[in-house]
K.L.:
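One structure, pasted below without further comment.
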Number of protein chains: 2
Amino acid sequence: MKKTPSFEDSWKVEIRRGILQYAVLAIVSRHKEEGIHGYGLARELDEKTDGLLGVKEGTLYPILHRLRKERLLNVRTEKSEAGPVRKVYVLTGDGDRVYRELTSILGSIFDKLEALR
Amino acid sequence: MKKTPSFEDSWKVEIRRGILQYAVLAIVSRHKEEGIHGYGLARELDEKTDGLLGVKEGTLYPILHRLRKERLLNVRTEKSEAGPVRKVYVLTGDGDRVYRELTSILGSIFDKLEALR
DNA sequence: GGAAAGTACTTAGTATCGCTATGTACTGCC
DNA sequence: GGCAGTACATAGCGATACTAAGTACTTTCC
């Protein structure tokens with residue numbers, strides 16, 4: 001049987017909701033022209049955030065599928081030099097628009113939180 | 001039947017997870033000595049964030065109950081001049097410690113997100 | 001040629017939390 | 001007596017991140 005997680009442990013999971021989707025959009029946005037595939041995205045996310053926003057595959061791929069379904073990302077396949085076929089994602093016009101808007105909202109939220117302190 | 005919410009609408013709900021719990025701790029922390037009751041907290045949260053982090057009662061009270069159950073808040077009752085008995089919440093020692101830690105984590109997350117852009 | 005490690009993606013099942021909706025109840029004012 | 005404002009409680013629902021397990025391709029090394 002598993003120990004009940006502490007409040008802080010649960011919070012650290014909950015706070016990632018929405019944040020991770022945003023982070024994925026942010027990374028894809030960094031690769032506007034070429035796009036980026038899932039496995040590489042996971043590595044970059046992990047490195048760029050020093051593990052703070054690192055994700056397992058079981059978390060990342062469903063996010064990519066959702067964003068694609070919402071037409072925020074386009075996907076194409078690409079041969080890999082060292083493994084199975086990759087799926088390369090790029091932002092759509094909508095994706096870019098939404099990314100900008102979420103950036104703005106997130107900024108406001110953090111401002112308000114700081115004002116609350 | 002109800003229209004399927006857009007990606008952004010869902011995101012705006014999801015992003016509040018964890019954030020709201022933190023905001024509640026922050027408000028209670030502002031009233032270290034006297035404490036604050038739920039109804040007043042809701043008003044203050046709404047005002048201080050210009051409605052951005054406003055909550056309905058059905059959202060706020062479960063949060064307060066959770067924080068109490070986790071022993072981050074203590075509660076006492078108090079007579080109101082204009083309504084039923086109030087429940088006044090104050091931070092516990094643990095609550096204060098956790099609040100500080102969450103503040104630090106949130107700061108890191110936001111820093112990383114900015115670095116991602 | 002086969003095992004192992006690294007690359008790459010998929011999906012089923014679970015828990016949690018914020019939201020909607022609804023209900024209860026007390027006070028003061030007209 | 002009814003209404004508005006104050007004050008709290010809770011059941012049911014939907015969305016998402018996590019765990020866990022599986023599939024499959026390439027290169028390296030013995």
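Naming: A, B, ... by sequence-line order, numbering from 1 per chain. Since we're looking at a predicted model, the values are computed, not measured.
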K.L.:
If we ignore hydrogens and angles and just use 3.5 Å, is the side chain of A/T92 paired with the main-chain N or O of A/L72 as donor and acceptor?
P.N.:
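Looks like yes, one N/O pair under 3.5 Å.
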K.L.:
State, without any angle test, whether B/S80 and B/Y39 hold a side-chain donor-acceptor pair at a distance under 3.5 Å.
P.N.:
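Result is no, nothing qualifies.
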K.L.:
Could you tell me the separation between the OH atom of B/Y89 and the P atom of D/dA7, rounded to a whole number of Å?
P.N.:
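Result: 13 Å.
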K.L.:
Between P on D/dA17 and CG on A/L45, what's the gap in Å once rounded to a whole number?
P.N.:
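From A/L45 CG to D/dA17 P: 12 Å.
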K.L.:
How close or far is atom P of C/dA25 from atom OH of B/Y61, stated in whole angstroms?
P.N.:
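About 16 Å, once rounded to whole Å.
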K.L.:
Taking the side chain of B/H37 as heavy atoms from C-beta outward, which of D/dC8, D/dA17, C/dT7 is closest to it?
P.N.:
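So the side chain of B/H37 is nearest to D/dC8.
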K.L.:
Of B/K56 and A/E57, whose nearest nucleotide on DNA chain C comes first from the 5' end?
P.N.:
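The answer here is A/E57.
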K.L.:
Is the backbone N or O of A/S6 less than 3.5 Å from a side-chain atom of A/S10, with the two atoms forming a donor-acceptor pair by type?
P.N.:
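Flag set: sc A/S10 to bb A/S6 pair under 3.5 Å.
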K.L.:
So which of A/R17, A/E14, A/R16 actually passes side-chain contact (heavy atoms from CB on, under 4.5 Å) with B/E14?
P.N.:
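Looking at A/R17, A/E14, A/R16, the match for B/E14 under the side-chain contact (heavy atoms from CB on, under 4.5 Å) is A/R17.
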K.L.:
Looking only at side-chain N and O atoms, does A/K87 come under 4.0 Å of OP1 or OP2 in C/dT10?
P.N.:
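True: A/K87 side-chain N/O within range (under 4.0 Å) of C/dT10 OP1/OP2.
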K.L.:
When we call it a touch if two heavy atoms are under 4.0 Å apart, what does A/L20 touch: a base, just sugar-phosphate, or nothing?
P.N.:
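Sugar-phosphate: the residue A/L20, judged by heavy atoms under 4.0 Å, touches backbone atoms but no base.
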K.L.:
Return the angle between end axes of the helix from C/dG1-D/dC30 to C/dC30-D/dG1, with five pairs used per end and rounding to 10°.
P.N.:
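Taking the rotation axis at each end, their angle is 0°.
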K.L.:
Under the 3.5 angstrom rule, does the side chain of B/T59 hit a backbone N or O of B/V55 as a donor-acceptor pair?
P.N.:
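Not a single qualifying donor-acceptor pair exists.
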K.L.:
Separation of B/L60 atom CG from C/dT20 atom C1', in whole Å?
P.N.:
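Checked: the CG to C1' distance equals 15 Å.
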K.L.:
Need one value for B/L64: base, sugar-phosphate or nothing, where a base atom within 4.0 Å counts as base even if backbone is also close, heavy atoms only.
P.N.:
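Counting heavy atoms under 4.0 Å across all strands, no contact is made by B/L64.
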K.L.:
Check whether any side-chain heavy atom of A/H65 sits under 4.5 Å from a side-chain heavy atom of A/E70, and report yes or no.
P.N.:
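Side chain of A/H65 against side chain of A/E70, heavy atoms only: no contact under 4.5 Å found.
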K.L.:
Does anything in residues 96-117 of chain A reach DNA chain C, meaning a heavy atom under 4.0 Å, and if so which residues?
P.N.:
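Here the set is empty: none.
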K.L.:
Atom NE2 of A/H65 to atom P of D/dC18: distance rounded to whole Å?
P.N.:
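That distance rounds to 16 Å.
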K.L.:
Under 4.0 Å: is that the gap between some side-chain N or O of A/Q21 and OP1 or OP2 of D/dA15?
P.N.:
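A/Q21 to D/dA15 OP1/OP2: no side-chain N or O under 4.0 Å.
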K.L.:
Report the distance from atom CG of A/L41 to atom C1' of C/dC9, rounded to the nearest whole Å.
P.N.:
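It is 13 Å, rounded to the nearest whole Å.
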K.L.:
Could you work out, with salt bridge (Lys or Arg N to Asp or Glu O under 4.0 Å) as the rule, every residue matching A/R71, not counting sequence neighbours?
P.N.:
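So A/R71 forms no salt bridge (Lys or Arg N to Asp or Glu O under 4.0 Å) with any residue.
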K.L.:
A/I15 CD1 to C/dA15 P: how many Å, rounded?
P.N.:
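The distance from CD1 of A/I15 to P of C/dA15 comes to 22 Å, rounded to the nearest Å.
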K.L.:
Please check if the number of heavy atoms outside B/R30 that lie under 6.0 Å from its CZ is greater than 12.
P.N.:
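Counting neighbours around CZ of B/R30, more than 12 heavy atoms of other residues, nucleotides or ligands fall under 6.0 Å, so yes.
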K.L.:
Using the side-chain heavy atoms of B/R86, tell me which of these nucleotides is nearest: D/dA7, C/dC19, C/dC9.
P.N.:
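Between D/dA7, C/dC19, C/dC9, the one nearest the side chain of B/R86 would be D/dA7.
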K.L.:
What's A/G38 touching, base or sugar-phosphate or nothing? Going by heavy atoms closer than 4.0 Å.
P.N.:
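A/G38: backbone/sugar contact only, no base atoms under 4.0 Å.
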K.L.:
Can you check the B/R43 CZ to D/dA7 P distance for me, whole Å?
P.N.:
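One finds 6 Å between P of D/dA7 and CZ of B/R43, rounded.
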K.L.:
Which of the following nucleotides, D/dC18, C/dG18, D/dA24, is nearest to the side chain of B/V13?
P.N.:
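Within the option list, the nearest is C/dG18.
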K.L.:
If we only count heavy atoms from C-beta on, is the A/V88 to A/H31 side-chain gap below 4.5 Å?
P.N.:
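A/V88 vs A/H31: side chains apart.
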K.L.:
Run the salt-bridge test on B/R76 and B/E78 with the 4.0 Å N-O cut-off and return the result as yes or no.
P.N.:
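Here B/R76 pairs with B/E78 in a salt bridge, since their nearest N and O are under 4.0 Å apart.
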K.L.:
Closer than 4.0 angstrom, basic N to acidic O: yes or no for A/R97 and B/E8?
P.N.:
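Salt bridge flag = yes for B/E8 with A/R97.
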K.L.:
Quick one: which of D/dA7, C/dT7, C/dC17 gets closest to the side chain of A/S10?
P.N.:
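The nucleotide sitting nearest to the side chain is C/dC17.
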K.L.:
Return no unless some side-chain N or O of A/S80 is found under 4.0 Å from OP1 or OP2 of C/dT7.
P.N.:
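So the side-chain polar atoms of A/S80 never come under 4.0 Å of the phosphate oxygens OP1 or OP2 of C/dT7.
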K.L.:
Please tell me which of A/V85 and B/G83 maps to the more 5' nucleotide of DNA chain D, matching each residue to the nucleotide holding its nearest heavy atom.
P.N.:
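On the 5' side of the pair lies B/G83.
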K.L.:
Decide yes or no, distance alone: a donor-acceptor N/O pair under 3.5 angstrom between the base of C/dC17 and the side-chain of A/E14.
P.N.:
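By the distance-only test, no, there is no pair.
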K.L.:
Across the strands shown, which category fits A/G18 at heavy-atom distances under 4.0 angstrom: base, sugar-phosphate, nothing?
P.N.:
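Result for A/G18 = sugar-phosphate.
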K.L.:
When you get a sec, tell me which of D/dT16, C/dC9, D/dA24 is the closest nucleotide to the side chain of A/Y39?
P.N.:
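Closest nucleotide among those given: C/dC9.
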K.L.:
Donor-acceptor pair under 3.5 Å: do we get one between B/R17's side chain and the base of C/dT16?
P.N.:
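Indeed, a donor on one side and an acceptor on the other fall under 3.5 Å apart.
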K.L.:
OP1 or OP2 of D/dT16 less than 4.0 angstrom from a side-chain nitrogen or oxygen of A/R16, does that happen here?
P.N.:
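A/R16 to D/dT16 OP1/OP2: no side-chain N or O under 4.0 Å.
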